[in-house]
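Quick note on labels: first sequence line is chain A, next is B, and so on, each numbered from 1.
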Amino acid sequence: MNITLKLFASLGTFLPPGAARNAIELDVKNGATIGDVLTQHCVPREICHLILVNGIFAPPAIADSKQLIEGDTLAVWPPVAGG
Amino acid sequence: MQMALVIDPGKCTGCKQCELACSYVKEGEFNPAKSRIRVFDFHQDARFVPYTCTQCDDAWCQKACPVDAITTNEWGVKEVHDDLCVGCKVCTIACPFGTINFNASTGKVMKCDECGGDPACVKACPTEAIVYMDVEQAGFDKMRAWAAKTDAAAGTATAH
Amino acid sequence: MGWTGQVMRVNLTEGTCTPEALNMEWAGEYLGQRGLASKYLCEEMDPRIDPLSPDNMMIFATGPLTGTCASTGGRFSVITKGALTGAIACSNSGGYWGAELKFAGWDMIILEGKASSPVYLCIIDDKVELLDASDIWGKSVWDTDAWIKTRHQDPQMHISAIGIAGENGVLYAGIVNDLHRAAGRSGVGAVMGSKNLKAIAVRGTGGVKVDDFLAFMTATTAAKKVLAGNAVTGEGLPTYGTQVLMNIINESGALPTRNNRDVQFEDVHDISAEAMAAPSGKDGKPNLQTNQACFSCTIACGRISKVNEEHYTVQNKPEYWHASGGLEYEAAWALGAAVGVKDLDALTYANFICNEQGIDPISFGSTLAAAMEMYEDGVITDKETGGLALEFGSAQALTTAVELTGKAEGFGKELGMGSKRLCDKYGRPELSMTVKGQEFPAYDPRGIQGMGLGYATANRGGCHLRSYTVASEILGIPEKTDPLVTDGKPGLVKAFQDATAAVDSSGLCIFTTFAWTMEDIAPQIDADLPGDWSVDRLLEVGERIWNLERQFNLQAGFTAKDDTLPKRLLNDAAKTGPAKGLVAGLDKMLPEYYELRGWTKEGVPTSETLSRLAL
Amino acid sequence: MHHVILGAGPAGVIAADNLRKHDANANITIIGDEDEPPYSRMAIPYLLAGQIGEEGTYLRQDKGHYKNHGIDVKRVRAGAVDPKNKSITLEDGSDVAYDRLLLATGASAIRPPVEGLDLPGVHNCWTMADARAILERADKGDDVVLMGAGFIGSIILEALVKRGVKLVVVEMEDRMVPRMMDETAGAMLKRWCEDKGVRVLTGTQIKGIAESRDGLDVALSSGKSLPARLVVVAAGVASNIGFLKGSGIDTDAGVKVDGFLRTSAPDVYAAGDVAQARDMSTGEFSVLAIQPVAADHGRIAALNMAGHETPHKGSLNMNVLATIGLVTSSFGAWEGVKGGTSARMCDDNAYRYLRLEFDGDRLAGAQAVGLTDHIGIARGLIQTKLRLGRWKDILMTSPERLAEAYVATSQGIAPV
């Protein structure tokens with residue numbers, strides 16, 4: 001299935017070649033979890049602080065159980081803030 | 001082992017924690033105007049430069065003092081003795097780096113003395129822009145090079 | 001203690017500068033800065049006065065931690081009746097100016113009346129005098145800064161000034177200190193301009209002492225460790241600045257785009273922190289040059305940027321080739337997504353102009369967005385704009401408009417009125433994205449519900465900084481709440497409002513609260529000041545301040561009807577993103593909020609509440 | 001090896017210390033003509049002001065310094081020098097042989113040809129003996145006339161004010177510190193003094209001093225006269241070279257030296273106020289009678305005497321002065337250089353003035369009133385002839401950014 005992976009701020013360095021604007025479309029196996037995608041791209045889990053799936057917050061604790069579906073956008077940030 | 005303050009302006013954010021720590025330790029209050037270290041703010045060049053005494057070997061300030069009020073301690077640090085300083089300010093014009101300054105409220109001069117081996121500015125710096133390290137280590141030569149250049153220009157190469 | 005105990009009262013009409021003792025009783029009840037100065041304002045001024053008349057007072061106030069080594073302890077606020085809103089205004093700024101005022105020996109500067117000709121206030125320790133500013137009237141903040149330092153031969157002076165926007169009566173003119181830190185909001189710069197006061201220059205060589213140095217050093221050192229150890233304040237903010245929010249808020253479907261018609265911006269990446277840090281331009285260097293700290297701040301989130309020298313905005317203007325204050329999130333939103341512009345250099349240039357001429361970029365961008373929508377609708381035409389095509393997405397329109405606004409030339413004069421007056425003038429009040437006359441910034445309440453209540457009830461008008469529930473709703477600080485629901489938000493908003501009022505009165509920066517709780521803050525204040533300063537006392541002070549400000553606004557003529565949001569947010573659902581189909585649920589939150597506050601259904605504090613808070 | 005140093009001022013003492021540092025076994029003798037331990041004239045104003053006692057003026061604070069370092073200090077005046085025989089005749093009749101000799105005999109206060117300068121109550125302010133005499137006649141409320149508002153006069157001025165005397169300063173030139181600062185600075189300094197209650201008469205000469213019933217009567221060129229209990233004469237100094245007459249050592253205003261501080265006689269060197277050495281600003285040889293130059297000379301002369309050939313490329317003329325709290329300083333070619341450019345900023349109200357003189361994009365001279373922070377940087381810039389590049393343009397309009405210019409240039413920060 002196809003998903004979009006977006007890695008921001010310091011996580012941007014973990015994006016595979018071909019990524020643009022901090023995003024890349026990926027073909028992942030059906031039923032892949034958030035954790036699967038992150039592991040596949042060697043993203044250190046301990047700094048995955050803010051995880052949004054289609055803009056909706058996914059607590060890091062459910063990353064390994066939450067399965068993605070076709071067309072999902074997974075966006076991840078390290079600990080950041082602003083205002 | 002001789003220790004020295006080594007400054008990396010590339011890491012400085014301009015927060016002035018060093019000035020606050022210095023003035024607290026030396027003056028008992030937060031007062032950047034009386035800090036022995038000053039952060040220069042080159043706003044248009046996106047650069048902040050902490051600046052203080054390099055404790056030159058053959059110190060201009062010390063040589064110029066008419067009353068022997070500046071001495072070198074066992075670590076090579078030049079110290080001002082307030083009880084002897086008369087406030088003539090000759091050292092302030094003699095130091096080509098401008099790092100010994102007149103303190104109008106005490107009538108004496110003030111300069112960095114590395115806090116007796118435990119510099120407060122180093123502890124206060126949040127980004128390790130100021131570190132205290134063995135002079136033999138890399139990085140120090142660069143700092144001294146500037147001092148040597150000044151010496152050479154005056155034709156008074158320092159005797160090591 | 002952290003106070004010098006001295007206040008300078010300047011009567012601009014009479015040309016007098018009279019020192020007086022700080023009211024320590026009030027300081028005990030209102031802490032300092034925002035709270036304490038508001039108390040002075042409420043005690044001494046009729047809230048019904050015209051903000052641009054000589055009757056308005058303006059107070060530059062520090063907090064008890066300003067000038068100390070407490071991390072971020074360098075802030076000050078400008079308190080007055082806002083030119084833009086007519087509500088109580090408190091604009092908070094960092095940089096070095098506030099601490100310098102303390103070092104000069106002054107806790108606050110109270111300004112009254114109006115000078116007969118342009119003046120600047122020059123404070124060199126205990127020497128305070130009004131000096132002729134006719135040579136700098138008409139000059140930018142940047143030129144004023146240089147002129148004053150040269151005039152007094154002291155590069156270590158710190159200057160807080162208005163640019164030409166404040167002189168020209170731009171209603172959202174701000175006051176800029178240290179070249180790019182600003183008391184930006186609510187039109188405090190317009191008030192300053194109306195008083196013929198160009199600048200306040202300060203040089204202080206005195207010291208600040210605290211009540212108990214040993215306890216203070218222990219408390220501040222521990223608190224600094226918390227900031228350094230926290231991933232947000234220790235790494236995220238210094239590296240990416242507040243601008244890292246751009247993609248987060250867009251992903252969350254809460255990025256107000258094209259005058260809040262949309263909640264996501266398709267070109268968001270081009271104006272984000274990630275874009276600022278990416279190589280660009282002919283030299284391959286990024287827009288972002290470095291980060292900068294304000295006085296005493298161990299976070300250092302400030303952005304120092306450069307505009308690409310080949311960009312159309314500056315290609316023939318080498319005077320803009322240097323580095324200066326770069327885009328913060330709200331500015332990048334206002335000059336970018338709000339008007340649909342994706343040209344980062346254009347945004348950076350517009351931001352430079354805002355700093356240089358003393359313009360609040362939030363209000364400017366939002367006002368321009370409303371104008372663009374009216375231009376699109378044909379309500380405003382080339383006839384009014386003088387041929388300037390105010391099209392969404394046009395960088396040229398943005399950069400020309402910001403220049404014209406400062407100068408109050410052509411259509412810039414209209415833009416300088418602010419969104420509310422502009423939309424009223426052209427018969428489209430519903431297009432003004434304002435609360436109490438002030439443009440709210442970069443968070444669409446349909447996607448972050450708590451912010452809707454925050455905007456509606458903010459005492460200085462539409463504002464994100466009075467209760468930044470984004471921290472909880474999006475970033476999970478101190479704990480995660482769902483941004484799409486209204487449940488629990490009244491309590492959350494009240495808690496943020498009260499705590500923020502206390503922090504804003506202390507001399508600290510609100511950004512510390514990404515890592516600090518009140519448990520980290522209270523010991524620092526406690527060691528700084530005489531008496532016991534507990535978390536409970538601070539929160540009570542915060543609530544007292546909130547109610548005092550509310551009282552001012554009620555007396556100034558505001559009512560519960562003003563605690564509302566633009567109809568677009570209440571009636572038109574978000575079109576995309578997680579909030580798709582949602583409107584701002586203000587009606588579900590406001591009554592509960594009033595109740596939690598101890599206010600009547602009409603939004604008036606009950607006598608019980610007032611007496612509980614000793615008001 | 002016997003090193004003999006004539007003169008126990010800073011040049012002599014610094015030379016002795018450096019000789020000891022570089023030649024552990026040499027015999028070192030300092031011969032001074034005053035009956036005190038080696039002391040600093042620079043400290044006398046602070047003695048007069050009551051800030052320090054006499055011991056506070058001593059050049060070395062460690063009581064056993066000379067003994068511990070094997071430096072013999074003799075208190076006797078030198079009569080003549082015989083370079084051929086490498087010998088000095090002292091006024092007590094004895095002879096001292098030397099291998100290397102340093103002339104560091106300093107300068108003496110000038111007594112201008114004015115009638116009455118020999119009267120009791122008229123004193124120079126140069127030696128410890130002068131200081132003691134002044135102390136006797138300068139109590140609170142006493143009428144005191146200060147003759148000369150040059151560098152020395154202006155320093156003494158502060159001390160006299162601190163003593164609470166009723167002071168009138170008489171300067172024959174048109175401004176205060178005419179050889180240290182320009183008209184603007186001199187006028188500012190005068191106004192400052194007058195604001196503090198000191199009368200300053202510039203363009204006025206003292207015609208004569210006579211005894212009166214109550215003390216002294218000072219006649220002025222204006223025709224008026226001033227009563228005085230004490231007249232302090234600060235009319236300048238001249239190098240002490242009289243005793244060299246007939247020695248064959250070349251003298252002019254001072255003892256002529258080369259680029260290694262050698263005199264015309266073999267193994268004879270000169271340093272400090274007596275030496276006419278290279279001035280780095282002008283390139284010419286002149287006497288720069290100031291403390292930092294004495295210190296530089298003393299050190300370089302000692303290195304050469306000890307066999308470490310060390311050139312003296314020139315000293316920088318510079319002065320710093322506090323006059324009733326107003327600090328002034330000047331460096332190098334403060335009046336400017338031919339074909340150079342000048343930047344000036346003046347704030348009369350605040351008593352602040354800064355004047356920079358450039359030679360191309362290099363700083364050549366500077367003077368400052370009311371500015372003390374990092375002021376030594378002026379010396380650094382002049383001495384290193386550092387090219388300021390774009391910073392020079394900035395300094396032309398914002399001279400107050402001098403310290404920034406130096407730090408930036410040394411850090412390689414070039415402005416846009």
OG1 of C:Thr221 to NZ of B:Lys123, rounded to nearest 0.5 Å, is 9.5 Å
Contact class of C:Ala228 relative to chain B, heavy atoms under 4.5 angstrom: neither
Work out which heavy atom in C:Thr290 is nearest to a heavy atom in B:Phe48; give both atom names and the distance. CG2-CE1, 4.4 Å
Any side-chain heavy atom of B:His43 within less than 4.5 Å of one from C:Ser324? yes
Which atom of B:Ala33 lies closest to which atom of C:Arg203, heavy atoms considered: CB-NH1, 4.3 Å
Show your working on side chain to side chain contact (heavy atoms under 4.5 Å, CB included) between C:Gln156 and B:Arg38 and close with a plain yes or no. CA-CA 11 Å; C:Gln156 296 190 76; B:Arg38 174 176 162 198; 3.2 Å; yes
Taking the side chain as C-beta and beyond, is there a heavy-atom pair between B:Leu20 and C:Ser296 under 4.5 Å? yes
If every non-hydrogen atom of C:Gln289 is compared with every non-hydrogen atom of B:Ala46, which pair is closest and at what distance? CB-CB, 3.7 Å
Cut-off 4.5 Å, heavy atoms of chain B, and the answer for C:Phe295 is both
For C:Cys69, which of B:Lys16, B:Glu19, B:Gln17 qualifies under side-chain contact (heavy atoms from CB on, under 4.5 Å)? B:Gln17
For C:Lys317, is the NZ atom crowded, meaning more than 12 foreign heavy atoms sit under 6.0 Å from it? yes
With only heavy atoms counted, which part of C:Phe216 is less than 4.5 Å from chain B, the side chain, the backbone, both or neither? side chain
What option among C:Ile299, C:Thr205, C:Val210 has the most heavy-atom pairs under 4.5 Å with chain B? C:Thr205
Greatest number of heavy atom pairs closer than 4.5 Å to chain B - which of C:Cys294, C:Gly67, C:Gly206: C:Gly206
Most heavy-atom pairs under 4.5 angstrom with chain C, which of B:Cys12, B:Ser23, B:Pro32, B:Ser105? B:Pro32
Separation between CZ of C:Phe213 and OH of B:Tyr24, rounded to the nearest 0.5 Å: 6.0 Å
Would you give the length of the straight line joining atom CG of B:Asn31 to atom NZ of C:Lys102, rounded to the nearest 0.5 angstrom? 13.0 Å
Tell me, out of C:Asn291, C:Ile304, C:Leu227, C:Leu179, who's got the most heavy-atom pairs with chain B below 4.5 Å. C:Leu179
One should read off an interatomic distance between C:Lys306 NZ and B:Gln44 CD, to the nearest 0.5 angstrom, of 9.5 Å
Checking heavy atoms, do the side chain of C:Glu100, its backbone, both or neither come under 4.5 Å from chain B? neither
What is the minimum heavy-atom distance between C:Cys297 and B:Cys15, and which atoms define it? O-CB, 3.0 Å
Heavy atoms of other groups near B:Asn73 CG, more than 12 under 6.0 Å: yes
What part of B:Phe40 gets closer than 4.5 Å to chain C, counting heavy atoms only: side chain, backbone, both or neither? neither
